[in-house]
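Working notes, beginning with the structure itself.
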Amino acid sequence: MMFPQFGATAESLSKASTAMFRIGTDAHLYDDPEDVSIGPLLDSKFDSEKCEALKRLLALIAQGFDVSNFFPQVVKNVASQSLEVKKLVYLYLLHYAEKRPNEALLSINCFQKDLGDTNPLVRAWALRAMAGIRLHVIAPLVLLAVQKCARDPSVYVRKCAANALPKLHDLRMEEHASAIEEIVGLLLNDHSPGVVGAAASAFTSVCPNNFSLIGKNYKRLCEILPDVEEWGQIILIGILLRYVIARHGLVKESVMFSLNNNKDVGNLEEDESYITSIEDASYAIDMTVSELANMIFQCYIEGPDEYLSRSSSTNRVPPKLDVSQYISCSNDVVRILLQCTSPLLWSNNSAVVLAAAGVHWIMASKEHIKRIVKPLLFVLRSSSASRYVVLCNIQVFAKAMPSLFAPHYEDFFIFSSDSYQIKALKLDILSSIATDSSISLICKEFQDYIRDPDRRFSADTVAAIGVCAQRLPNMAASCLEGLLTLVRQELFCGEVRSLDGEESVLIQSIISIKSIIKLEPSSYEKVIIRLVRSLDKIKVPTARAIIIWMLGKYCSLGEIIPRMLSTVLKYLAQYFTSEALETKLQILNTTAKVLLCIKGEDILTVRKIWNYVIELAECDLNYDIRDRSRFLKKILSSNWESQHGAGENSESQKSDQSYILAECLFGGDTKAVRVPSEPIDYRFYLPGSLSQLVFHAAPGYEPLPKPCSQPYTDLDQYDGAAKSDSDEEENTGTSGSLNEESASDYSSEQSITASGGVSGSDESVSGNKGEDNADPLIQISDSGNVCENQNGGAPSGTTGFQDLMSTKSLESWLDEPTRSSKGSEIEQSRVCRSSARITIGNIGSRVKPKCYTLLDPANGNGLKVHYSFLSDTSSISSHLVCLEVLFENCSLEPMLDIVLIDEDYSKSSDSKDQISSPAQNTLKFHVDKPALVSMEEIPSLEPGQTENRMLLVRFHHHLLPLKLSLFCNDKKFPVKLKPDIGYFVKPLPISIEDFREKESHLPGMFEYVRSCTFTDHILELNKGSNSLTEDKFLVICEKLALKMLSNANLSLVSVDMPVATNLDDASGLCLRFSCEILSNSMPCLITVTVEGKCCDPLIVSVKVNCEETVFGLNFLNRVINFLVEPSVPHL
Amino acid sequence: MCMENGSFYSDGVFIQDQLDLPISLELRWGLRRKICGGATVSVCSSSSKLFVGEFGSWYTGSEMPVAASAIYFLNLRGDVLINRLYRDDVGGNMVDAFRTHILQTKELGTCPVRQIGGCSFFYMRISNVYIVIVVSSNANVACAFKFVVEAVALFKSYFGGAFDEDAIRNNFVLIYELLDEIMDFGYPQNLSPEILKLYITQEGVRSPFSSKPLDRPVPNATLQVTGAVGWRREGLVYKKNEVFLDIVESVNLLMSSKGVVLRCDVTGKILMKCFLSGMPDLKLGLNDKIGLEKESQLKSRPTKSGKTIELDDVTFHQCVNLTRFNSEKTVSFVPPDGEFELMKYRITEGVNLPFKVLPTIKELGRTRMEVNVKVKSVFGAKMFALGVVVKIPVPKQTAKTSFTVTSGRAKYNAAIDCLVWKIRKFPGQTEPTLSAEVELISTMTEKKSWTRPPIQMEFQVPMFTASGLRVRFLKVWEKSGYNTVEWVRYITKAGSYEVRC
């Protein structure tokens, strides 16, 4: 021990004294871990020595040294009886297990032994350490251990088991996924709240979408919620919220709904009046509040990236959320959730409060949502970091629903101790919740803030004043006055200062003034003049640029401004060379604008100035300015000339054009263009998430599930056995009889994808027509059979009833866990509802392609031409689409020489020789040009006679109509052939397994989903007198398949039928189609899933997996289009 | 700046603004964005896009982890004191990124959430230690911060008060063990010190100043937590059953120079220390309005006269039965053993301000200032305040000061640019004054008028509550029916007590 000498400084004295105090602590281990040799200590007989060695190792780890070379020696000690040694060994082991997997395996036996210890602590620690090692090799062992511990009598051990699940899942043990999920289910069912909390976190990482686990326990989970540990509460709240939305949909009375349906906002007095006041004023805030809120909620459901890409790409109309996707908040499910989360608003844990507030925000009705306000404000008292997080979330709430926080504006007043971040957030919230009654007080506060020494903050305050003035037009005038005073002050003080950031206040105040003036320029003429007069004093380039811009923008406003223009421009021109870049550019612009609109005697002066400025600019050092000046000169000089020589017509047209261009550039209204570019800045994520704080989707972020995306089965009272039994009987009954009747001709037509030759398929279709009425449509089989049938293998005529209903399929019907059969195990876990797979029989014969009109008899002198797309593919080139064109002579005269040719082609050459040789043509065509390949001429068509022709067209993915010329009787009729993307593909017959496999290779950005409603079946179901014998599902299935196959060239892969407890609920019906893009043979997979009641319009969600993004999206849109179209009886 | 020359056209649409409108700093929705990124609006929006692309590819969104990947304890220089990696999805060099991108830049202390290279850092500074949580995916930020706060409280309870670099070094083994227990695979676990004592083998090293010995039960072979109450273990026995109840309030005030109260509220907390045997059930009665009304309804008895308090913002410790509070408005709970914070509340109406401050500050020309401050104590004459400090701001260029005070001592503190006036014991109903003359150095650079930050006050007033809250009863019920001794204390402190001048 070194004691300070006389000359010792105070510092060394204090060092020494702390050293004194630290005698007997672990500090000496930390400071000099290698003081003694660790190896022998580890082999010591005494626990205390082992402990010391281990502590030294830990200290070395903490300081970043690699001590993995001690691994074998340390692992040996895992068998120690001392809890302290055990724990220290575990800590060491977890740190190095991955680096030294082989040695880590040595410890496994010890863990196994410890798992059987009588002390629950030992069991729990052993499990935790074992799971923490996270080596793939031992994963199955850990799984077994977890399975055992999940049923342990000790709560602590069960909790550790729950905590081990995410670690196991993280090892990506796909083969054990179902076993892990089973344990999650078991632990969620635990009676101890502590275990449930841990199980909830396991659920979110293992199987966040397996809502059937939640459904079973929903009510109990809600009730146990207040007793769960705080951290578990946060996660559990999130799960319950997702569950309710996925299963039951959104709440009708919530903010979300009322803002989505703008007509329905009547019950929302405060907000409504507020919104209308904004709209009436029609001022320049880019979005009304309701639009913003609407967008926020769309973002919650879709995720902002998806939402924004959709809104920016085509139309901004959101997909209408169907009314059926909403439930009332008086619904039990919602009521329980809200009831159980609302006490949590008083929780001491700010994160819990935030989570509970989030649920209310999304689910609660308008009246109840007010509950969240005070708790949220109260949480603002916690640590500064939490305060920041809460404010970020309040900011979104306040933007979407200002009325919520408007009365509490005082809570957002700024304290001098707030960090800059918090100050800025508070400012933003204040400026968005200010109302006419509170604004005067808020403005008083703002005046104080402007004096803040932090200039960045004062600049923000100035900006906030600008925003307030825009939101509340009544305040605009007084705000403007204040800002002008500020500008004057800043000018006064600013002369001496040249510090960085000092000018930002000035710039910001001029920007704010500009935005206020924009609201109503005519009444602020004097302000503009004042600003322009102060140009002399304002030295900051940005500020100058803005003022100069304003001069140009409002140069024809009022009476005084036009008169002062020439003087001001003279002044500007004089100092042009000494200006900064941005100012120079604005001087150029402004001069151009003035030149365009000036009238009267000043025009000559302005022109002189113009010439002077342009000359200067053309010699400027900066290329931007040189470019700008040349551009402006070009555009404006012609305009000028035209004014000079008004008489000369030859010049005038050209100069007119550039004049209009110039007008567009400088005279137009700027507002219209800005709006669409704006939303990119807005990204909204679920309240409380990291993503909401950083404004982009952090990895792992998931938006809310699609409302009602999970088929609703009433699992709360799931007593299914009896019901599904009867179901099963009924279904097998029908299918069995159908099979027996029809057994003869399955093989080729049951998969509609008969891809034979052109004529052959024609024949077979027609051949079937006679007898297909009696044919069964549906064949039920399990997956193995489907595969067989699809491949056109053995005709299933021999397949009897018993064969079809194998034990395996029976089990799958009953939704019993088929533990014995490993193959179906994974599938079982994936499909949460039971379903039987069927193949639709010879539906192909009933598929009638849709007919389009090419030429009306009225326009075509009595010639009627229809066309329809054929499902065949051309033998010449895979790029060609086959069409059948039907000519009919409706006139009384015979027609001669009817032929269809490509318009472009007919322009370039009239000779018909070339057209008639298709092979040559295909070679000559530009690759990307749609073109017609061939058409055999019809020499003559008698009255009343019809004639068919095949047409091969190369659209090459052009979705624009193809212009063709139809010649008849030497007359030319221009016609348009509309392409149908549904026929740019050819059927790709594959098995369901292949389908699955292909689908799994096309995830993420290659997957597109849209939903729509489908109504075709209603008519059939309503008129169906034989509704008792007929299965509604089959009707829906048939109609849906018909619709798909009649409109696109697809191959039906499989049909999954729901085995519902409720016969009316068609949810879960799933059809899979496959096809291949003609041009590049890429597969394109379509999955159609049905939701809803049989007799109501169904919600059909269509998923397309396709590697070619553009094609896939277009294809999806096309499918949705024709699904929505009501069916027309076939011609 | 939106004035790039080249881009007149964008998607075939003529965008006039591109050429025309010099907007750069307009305050929009994006205010926060601007700040987070540090530089300018345009830079940030593009960078956020960039991130989206970066993440979108490798995370398909099937997983939804909400957990911390690692936790670091750094000292002010940025050296790692202790770290614990919970998941292997962040590299070890992440802490270097934190050091270079946050610690060594001006950004420190502005925004507690930062993103660097696909990882998010949540950090807090506690005394001379940074606690950094690294997260690689979408996480609940509020939860992470709350965890840090709670963890620090836990460490403090183990170390006996201080949490700083030395305390970490002294107790690093314990911290390692605690970190293993309070967070599992990045998910926060039970942080209740009482329960944790059952699992922890290491002893905390108390700082030598706290004399209280540590009465730590040895981890026992059979675990006694039934799970019924996650925060209390069974089988506790005390010879003397005692409950200590402290009501601690802090007054936040902002007053204008003319004495008008601009805003004022009281945030209070009720701290408890329970040394009770068995599994007691406690019920607390306060003189709050709703509770009293509810009680009078239940017992059909008119409300007693006297002051009632409107408690509308309340949060409770997890042990309080919230459902019962929701329905009956009574605070009933099974307390954890030892010390805990039972509830927090806030009151905005009818606050009794303990002090009034009347400042007059005159600037006499460029080089002289006259400061007169009168502080008036408004509470009862028998009470007294302790540790009163009044901080009167003066300009930076203060050269010389001279004081006359009627009570206490005053001096000029150049580090915080304030005149600091300290009065150790301040009786009620008195009004001491300070008058000072300040001489300033005349400088050319600081011509701008002085911004005059507010006067700040610190104080403690024992046995006084600014809200008027009183404990009416504290009932303890336990199977064995033992007698308990209850102790109640009140104290009011200054929160941010500011007076503009």
Side-chain angles (χ1 to χ4, degrees), chain A residues 21 25-27 30 55 62 83-84 87 119-120 155 163 166-167 192 194 201 204-205 208 226 231 234 343 346 348-351 354 374 378 381 383 385-386 389 410 415 420-421 424 428 451 453 463 493 496 545-546 549 624 627 670 673 681 689-691 693 695-696 698-702 1004, chain B residues 3 5 15-17 22 25-27 30-31 35 48 51-52 55 59-61 63-65 82 110-113 115 124 137-143 145-146 149 169-170 172-173 176 184-185 187-188 201 205 208 221 223 227 230 263 267 313-317 322-323 326 346 447-448 451 496:
Chain A
F21 288 130
T25 69
D26 289 336
Y30 191 94
K55 283 179 184 177
L83 285 179
E84 193 180 359
K87 197 100 191 237
N119 186 347
V155 176
N163 283 327
K167 298 177 201 170
S192 164
S201 40
T204 47
S205 56
W231 318 107
I234 300 165
W346 289 305
N348 210 351
N349 188 319
S350 50
L354 201 58
K374 286 208 157 181
F378 191 41
R381 311 268 141 188
S383 72
S386 313
V389 177
E410 281 180 326
F415 292 102
Y420 172 67
Q421 228 68 31
D428 193 39
R451 292 190 299 155
C493 317
V496 210
I546 299 164
W549 175 83
D624 264 357
D627 286 353
T670 54
V673 194
D681 288 359
S689 60
L690 168 67
S691 309
L693 256 78
F695 289 106
H696 62 77
Y701 174 82
E702 282 231 324
Chain B
M3 291 191 291
N5 259 312
I15 297 184
Q16 184 183 13
D17 268 3
L25 296 162
E26 198 162 4
L27 180 110
L31 183 98
I35 302 147
S48 70
F51 270 116
V52 174
F55 292 132
Y59 249 95
T60 52
E63 249 177 307
M64 196 176 53
I82 277 186
T110 56
C111 182
V113 178
Q115 286 207 312
M124 274 178 125
S137 53
N138 188 42
N140 190 321
V141 191
C143 180
F145 284 130
K146 185 70 190 172
V149 170
R169 283 171 188 276
N170 294 350
F172 77 97
V173 185
Y176 259 118
D184 197 339
F185 202 48
Y187 292 103
T201 60
V205 180
L223 205 59
R263 59 169 173 266
T267 54
D313 295 342
V314 212
T315 65
F316 294 106
H317 186 269
L322 290 174
T323 338
N326 203 16
R346 186 169 73 122
K447 253 188 188 175
K448 204 178 141 242
T451 51
S496 110

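Below, chain A is the first sequence line, B the second, and so on; all start at residue 1. No experiment lies behind these values; they were computed from the predicted model shown.
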Gap separating the CH2 atom of A/Trp231 from the CG atom of B/Asp184, nearest 0.5 angstrom: 14.5 Å
B/Leu322 and B/Phe316: CA distance, side-chain angles, deciding distance, side-chain contact (heavy atoms from CB on, under 4.5 Å) verdict: CA-CA 8 Å; B/Leu322 290 174; B/Phe316 294 106; 3.6 Å; yes
Heavy-atom pairs under 4.5 Å with chain B, option from A/Pro166, A/Ala385, A/Ser386, A/Pro226 with the top count: A/Ala385
Under 4.5 Å from a heavy atom of chain B, the part of A/Ser350 involved: both
When B/Val149, B/Thr267, B/Val141, B/Thr323 are compared by non-hydrogen pairs under 4.5 Å with chain A, the top option: B/Val141
Mutual orientation of the aromatic rings belonging to B/Phe172 and B/Tyr176 [parallel < 30°, tilted 30-60°, perpendicular > 60°]: perpendicular
Residues in salt bridge (Lys or Arg N to Asp or Glu O under 4.0 Å) contact with A/Lys87, at least two apart in sequence or another chain: B/Glu177, B/Glu181
